[in-house]
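This report concerns only the one structure given below.
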There are 2 protein chains.
Amino acid sequence: MPRTVDHRQRRAGICDALVRTAARDGLHAVTMRSVAAEAGVSLRLVQYYFATKGGLMHAALLHLEEHSHRRWNERLAALPSPAPARARLHAFVAEAVPDDEESRVFHLLWTSFAVLAMTDPALAEQPFVSGPERLERQLADLLEEARTDGSLPADRDPALEATRLLALTHGLGTDVLTGRLTPDRARAVAEYHVDRVLDGQPAP
Amino acid sequence: MPRTVDHRQRRAGICDALVRTAARDGLHAVTMRSVAAEAGVSLRLVQYYFATKGGLMHAALLHLEEHSHRRWNERLAALPSPAPARARLHAFVAEAVPDDEESRVFHLLWTSFAVLAMTDPALAEQPFVSGPERLERQLADLLEEARTDGSLPADRDPALEATRLLALTHGLGTDVLTGRLTPDRARAVAEYHVDRVLDGQPAP
DNA sequence: ACCTTCATGATACAGACGTATCATGAAGGT
DNA sequence: ACCTTCATGATACGTCTGTATCATGAAGGT
């Protein structure tokens with residue numbers, strides 16, 4: 001057998017290049033050639049590791065989602081253990097608001113793909129749906145746990161609250177990326193929301 | 001002077017064609033030629049009425065926003081007058097959740113443009129920012145009014161609640177269009193949210 | 001030493017796109 | 001009747017895109 005390179009690593013490098021390109025110029029600016037240039041390889045190599053553009057996109061999306069999932073778990077692990085549900089919900093908010101470049105990129109890409117999925121049924125089967133759904137289940141579990149330990153009022157519906165929180169953070173993320181909101185303002189709104197959900201409001 | 005057609009009407013017709021095309025195939029499928037075909041005119045005519053593609057996009061966006069604004073006001077006008085703030089907030093929720101084709105199209109296009117604006121500073125000056133900001137002010141006014149008449153607890157911040165409500169509905173809209181949520185479910189979440197905001201929650 | 005297989009380069013091809021150019025009906029002022 | 005101006009058609013140009021093809025180092029098994 002002739003010389004063999006690490007395909008996994010090559011593919012990851014190219015996926016990273018795609019993500020950087022899309023983050024800088026938008027997903028519409030992602031072409032085989034622009035990705036190749038960003039990765040510092042020839043067009044042929046991108047073709048070699050990803051036969052088709054669709055395959056490249058798909059792989060990059062998985063790459064991105066895995067990356068984000070790892071980041072979220074690292075943030076959870078960084079919390080003093082055992083962390084109360086409230087702390088973990090605030091960690092979620094901190095992770096969900098695009099303040100640093102990495103989460104900004106993630107939100108941009110995710111929304112870009114989501115928009116494509118709105119008119120492409122084939123794309124709608126991809127992780128835009130499975131990724132957030134897993135996250136939503138995690139949030140629902142977290143809220144269920146909060147209800148058990150008493151920090152969430154008993155009459156709340158964890159599943160509905162999870163859906164609401166996720167939709168809110170998605171909306172806030174979009175507002176931040178379009179420049180309508182500062183990250184600080186978005187974080188303030190999201191944290192206010194979490195506190196309202198957990199504590200309810202004092203009766204008049 | 002030779003025969004003269006109604007330029008305003010022609011332009012509106014072409015903008016409608018763009019909107020239909022984008023609604024069916026996505027904004028990335030909008031080309032001078034596809035819009036011309038959808039409008040049933042020649043490519044030259046699209047060029048004639050909109051010198052550049054950027055101009056066409058811009059005009060279509062204004063067209064869309066005006067359309068949506070009119071729709072929202074019509075819905076408000078259809079309410080028995082004087083409608084209490086709560087009723088108008090629920091009307092907003094009903095309008096914001098993409099259930100019929102028209103609001104589905106609006107949400108899709110708005111999000112598509114918002115995604116483009118995330119990497120194009122020139123686009124970010126367009127009505128993605130001014131449109132929602134006007135809406136947010138309207139909502140804030142509505143909530144201020146609700147606070148005055150007592151349906152919103154006095155310790156709530158109308159501006160923050162407006163931001164929160166708007167972000168939530170945007171997020172829910174996206175979830176509906178990607179098929180993650182049914183319109184009914186999204187509406188339920190949004191109405192639950194409005195009720196929570198207005199009434200607070202009973203003390204434990 | 002050689003041959004097979006992996007990895008990469010160079011280049012070509014067909015189509016679509018935005019834009020520009022040239023031409024031509026059509027209608028009203030003079 | 002004619003001529004200017006508006007409105008529209010046909011078509012061409014250059015560029016970019018995804019994909020395909022042909023060629024060639026490089027390395028290990030035999």
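When reading the values below, keep in mind they use all heavy atoms of this one structure, side chains included, and skip hydrogens, waters and symmetry mates. It should be emphasised that the depicted structure is a prediction, and the values quoted were computed from it without experimental measurement. The chains referred to below are lettered A, B, ... by the order of the sequence lines, with proteins before strands, and numbering in each begins at 1.
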Would you say the side chain of A/Arg44 and the base of D/dT19 hold a donor-acceptor pair, judged only by whether the two atoms sit under 3.5 Å apart?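 No pair found.
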Picking from [options], which would you name as closest to the side chain of [X]?
{"X": "B/Tyr49", "options": "D/dC22, D/dA7, D/dT19", "result": "D/dA7"}
{"X": "B/Gln47", "options": "D/dT8, C/dT8, C/dA20", "result": "C/dA20"}
{"X": "B/Arg33", "options": "C/dG18, C/dA7, D/dC22", "result": "C/dG18"}
{"X": "A/Leu45", "options": "D/dA7, D/dG9, C/dG9", "result": "C/dG9"}
{"X": "A/Lys53", "options": "C/dG9, C/dT19, D/dG18", "result": "D/dG18"}
{"X": "A/Thr52", "options": "C/dC6, D/dT19, C/dC17", "result": "D/dT19"}
{"X": "B/Met32", "options": "C/dG18, C/dA7, C/dT21", "result": "C/dG18"}
{"X": "B/Leu43", "options": "D/dG9, D/dT11, C/dG9", "result": "D/dT11"}

Can you tell me how far apart CZ (B/Arg71) and CG (B/Asp100) are? Round to the nearest 0.5 Å.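 The CG atom of B/Asp100 is 4.5 Å from CZ of B/Arg71, to the nearest 0.5 Å.
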Minimal non-hydrogen separation, B/Met118 against A/Arg104, with atom names: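 Nearest heavy atoms, B/Met118 then A/Arg104: O-NH2, 3.9 Å.
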Report the relative orientation of the aromatic rings in B/His193 and A/His193; use parallel for angles under 30°, tilted for 30 to 60°, perpendicular for over 60°.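 B/His193 and A/His193: parallel rings.
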